[in-house]
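Working notes, structure below.
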Amino acid sequence: MTSAAEQRAPAGEPAAGTGQQPAVVNGARRAAVPVPVVWPGAPTPLGARFRVGPDGVAGTNFALWAAGAEAVRVCLFDEQGRETRLALSELTHEIWHGFVPGVIPGQRYGYRVDGRWDPWTGARWNPAKLLLDPYARAVDGEFGLPPEVYGHVRDWPEQSVADTVRDDRDSAPYVPKGVVVHDDDDWSDDRRPKTPWADSVIYELHVRGFTRLHPGIPRELRGTYAGLAHPAAIEHLVKLGVTAVELLPVHQFAHEDHLLRRGLRNYWGYNSIGYFAPHAAYAASGTTGQQVGEFKRMVRALHAAGIEVILDVVYNHTAEAGELGPTLSLKGIDNRGYYRLQDDARRFADYTGCGNTLHVVQPQVLRLITDSLRYWVTEMGVDGFRFDLAAALARSMHDVDMLSPFLAVIAQDPVLRRVKLIAEPWDIGSGGYQVGAFPPLWTEWNDRYRNAVRDFWRHALPDVREMGYRLSGSSDLYAWGGRRPYASVNFVTAHDGFTLRDLVSYERKHNEANGENNRDGTDDNRSWNCGTEGETEDERVRSLRRRQLRNLLTTLLLSTGVPMLVAGDELGRTQRGNNNAYCQDNEISWLDWSLLDDPVWRPLFDLTCRLIDLRHRHPVLHRRAFFSGRAHSADGLRDLAWFTARGTEMTEADWYAPAATLAMYLSGRDIPGRDERGAPVADDSFLAVLHAGDGPVGFVLPGPPWAERYEVVVDTSREDQAEPPGAVHAAGTEITVPERSVLLLRVASV
């Protein structure tokens, strides 16, 4: 095969990387050599790194870990797609490396790796397949999945053994290429917000979906990093008051074969293939390295507005799927080294539901992940990460282990231990559900919060014990090992599942547009459609749904912990009942910005802004320590107290009894800790009354020592939320709490 020998450009034409014309690059000489050459170079750092080599000659050092390989060639591509293959003959500690003079930023490249083809032992080397560098800083082109990109014969008649038959067709014309990128940005002009965890409000958004239809963003920038950096996009975030955006995956990803066959695409991006490269399709400026600078400018713009950038990252699996998946990168570099395999090494261990699981216990795989994380922090400016299926990363050999190498490395890393770390604390394997188990430094998506709040507002909880824990910071899950209430990332909705509006409009998923006969997506929605499935013209139902939205948002933003909103929920965005819109890159998933000007939906946005502002202004609503529930003064007033509708403190029997009403008293007098100047923290005190019943209830306001008077701050039964209600009630009086509503009352001075 031609892949076994070096290829050169046609006679009379300079080969890529030969640099036949002397030039100066960043003060270094560009090599003038008649044929491609490879100098020894260095085994570190991994990847393709442009630098000054011997004698001041500019070029690129290529280094690739491929432990069991027999030969590695770096393949350079010119603008016409012509390929030059150069052997990397140096091998140091399982890393193949070489320095190629004259290769400068913008050069497209890939690897061909040769070795044994023995799928029965997990060996799947195939030099006919061009492989993406795992450390590529930029990717040019998009992954399609024709038969040529599979290491095996995909269409072999006997599918049960298809993965054992090697396909020798060249994949280079059909796969994207890595791009050499030079990064000399020191971020000296950037100021990270460094928002404390307790003060954070997270906003989960999709770069493309958030900006695709925004009328204030120039059309050519919509759907891109530059679009998210545009003042019109940032204005909305600032007005809302969020402190961080959590971006759905922006690592380079590929589309699955089953989607492409149905004319769909992977929209969410949980199918990574390049852990250092910003996804090229989200770039407005170009894909031969320009996407890197565009991403950085987006981060800078968000930082300048006081907003942190958290990335949703997918290090648990890659887009290469299982043994019947394509050969795009790691599978062809060292399949046995990068992936967990079963005892039958032909088969991949799958704790993710995506066909494969990265072998994080392997030192070089752990290095790949941590190198990637540090890169995004130090060179791309991001402030934290949300780890998809984090339990899969915490597995040692098989079981989830909170002393696993991955968690241990993160805990001691001087860069990574300082950023925000969020675990999705589960995977699909045995013992994979680990909510509350991750160690200090980590926060977690708290799905028990989600379930309890949904069930309370559809009046489906058997009692209010669970709700009490979730409102007050989930101490039952996180009050150990020095963890704090902000270890709980509270959410009612996320990208995966119904939007908030759909949660109160549908009881069944409606995923027909996904082409899977509505089999995909969860059936455990814990939703209530208020009496009618889907959209309706019945104003009584519509009004109730809007009230339920106000109840859910108010509950979320008054709860102790870190609230996470999903982009568009504050506008009443709908996905038409689709609870698994991962493949819907269209109006089903994109934000409809016309809702912001709709008089029906604008009050929901105004309420969300008021609640976030209220949360920021009152330390009692974003405590840094758990409530004690004990009296700290002679008058018997405690930092947290619970009341029945009778105005009496709840007894143990009350916690176990069915109830539609729960009242929580938060004392601003007993907040532990001190401010930045060392002074005690003091705040107003509040009483929150949550009533999920379908009729009004009389509620007796607690008297001394709790309060003498109360002022109504929020009343979710009201449509107009532009101004607070302002009514004042004497303690001990009975007020009427409307059906399905939240009242937030502030203790008023006498």
Side-chain angles (χ1 to χ4, degrees), residues 185 187-195 199-250 278-287 290-312 376 380-384 420 495 564-573 587 589-598 601-613 615-616 722:
D185 193 337
W187 287 88
S188 60
D189 61 338
D190 180 67
R191 295 293 179 269
R192 294 177 184 263
K194 297 182 180 179
T195 307
D199 302 340
S200 297
V201 177
I202 297 174
Y203 190 72
E204 188 193 43
L205 67 82
H206 190 287
V207 169
R208 179 169 168 80
F210 184 77
T211 61
R212 184 65 181 81
L213 298 177
H214 198 301
I217 299 174
R219 190 172 300 275
E220 66 274 12
L221 301 183
R222 296 176 188 174
T224 70
Y225 306 119
L228 184 54
H230 191 272
I234 292 178
E235 179 186 13
H236 182 80
L237 300 173
V238 171
K239 187 168 186 178
L240 193 56
V242 298
T243 67
V245 290
E246 183 176 304
L247 306 182
L248 267 68
V250 295
H279 189 60
Y282 299 159
S285 54
T287 60
Q290 299 93 335
Q291 61 265 54
V292 177
E294 184 176 330
F295 185 93
K296 291 180 181 181
R297 291 189 292 275
M298 175 196 73
V299 173
R300 277 187 169 87
L302 288 163
H303 282 179
I307 298 169
E308 294 184 303
V309 178
I310 298 171
L311 302 188
D312 195 334
W376 286 96
M380 300 296 273
V382 307
D383 305 286
K420 286 183 165 64
H495 65 275
M564 185 186 77
L565 297 164
V566 178
D569 276 354
E570 76 280 12
L571 305 177
R573 183 176 76 90
E587 288 85 354
S589 297
W590 303 340
L591 263 68
D592 178 3
W593 288 96
S594 69
L595 294 169
L596 194 58
D597 299 319
D598 188 330
W601 294 107
R602 177 68 191 216
L604 187 66
F605 174 72
D606 293 335
L607 174 63
T608 308
C609 294
R610 280 192 54 225
L611 289 168
I612 294 176
D613 178 64
R615 185 181 181 89
H616 286 322

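Every value quoted in this text rests on a predicted model; they were computed, and no experiment measured them.
Here the side chains of E204 and L248 are in contact, with some heavy-atom distance below 4.5 Å. Residues V292 and P278 meet the side-chain proximity criterion, which asks for heavy atoms closer than 4.5 Å. Side-chain atoms of D312 and H495, non-hydrogen and from C-beta on, do get closer than 4.5 Å to each other.
Every residue two or more places apart in sequence or in another chain was checked for a side-chain hydrogen bond (donor to acceptor under 3.5 Å, both in side chains) with T243, and none qualifies. In this view, E308 and K420 satisfy the salt bridge (Lys or Arg N to Asp or Glu O under 4.0 Å) rule, not counting sequence neighbours. The side-chain hydrogen bond (donor to acceptor under 3.5 Å, both in side chains) search around S594 returns D592, not counting sequence neighbours. When the salt bridge (Lys or Arg N to Asp or Glu O under 4.0 Å) test is applied to D598, no partner is found at least two apart in sequence or on another chain. The ring pair (Phe, Tyr, Trp, His ring centres under 6.0 Å) test applied to W593 returns F210, H214, H236, not counting sequence neighbours.
Applying the salt bridge (charged side-chain N to carboxylate O under 4.0 Å, His left out) definition to pairs two or more places apart or across chains, those involving residues 208-229 are R208-D585. Screening residues 291-304 for side-chain hydrogen bond (donor to acceptor under 3.5 Å, both in side chains), with sequence neighbours left out, gives D183-K296, D185-R300, D189-R300, D190-H303, S285-E294, H303-D383. The stretch residues 228-237 participates, sequence neighbours left out, in no salt bridge (charged side-chain N to carboxylate O under 4.0 Å, His left out) pair at all.
Between the side chain of R615 and the main chain of S200, no donor-acceptor pair closer than 3.5 Å is present.
For the residue pair L221 and A226, the shortest heavy atom distance occurs at CD2-CB, 3.9 Å.
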Sequence neighbours left out, cut at 3.5 Å: what donor-acceptor pairs do the side chains of residues 227-234 make with other protein atoms?
| unit_1 | atom_1 | unit_2 | atom_2 | d |
| --- | --- | --- | --- | --- |
| H230 | ND1 | A232 | N | 3.0 |

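With hydrogens and angles left out, the side-chain atoms of H206 and Y282 include a donor and acceptor closer than 3.5 Å.
In this structure, CG in L237 is found 6.5 Å from CG in L205, a value given to the nearest 0.5 Å.
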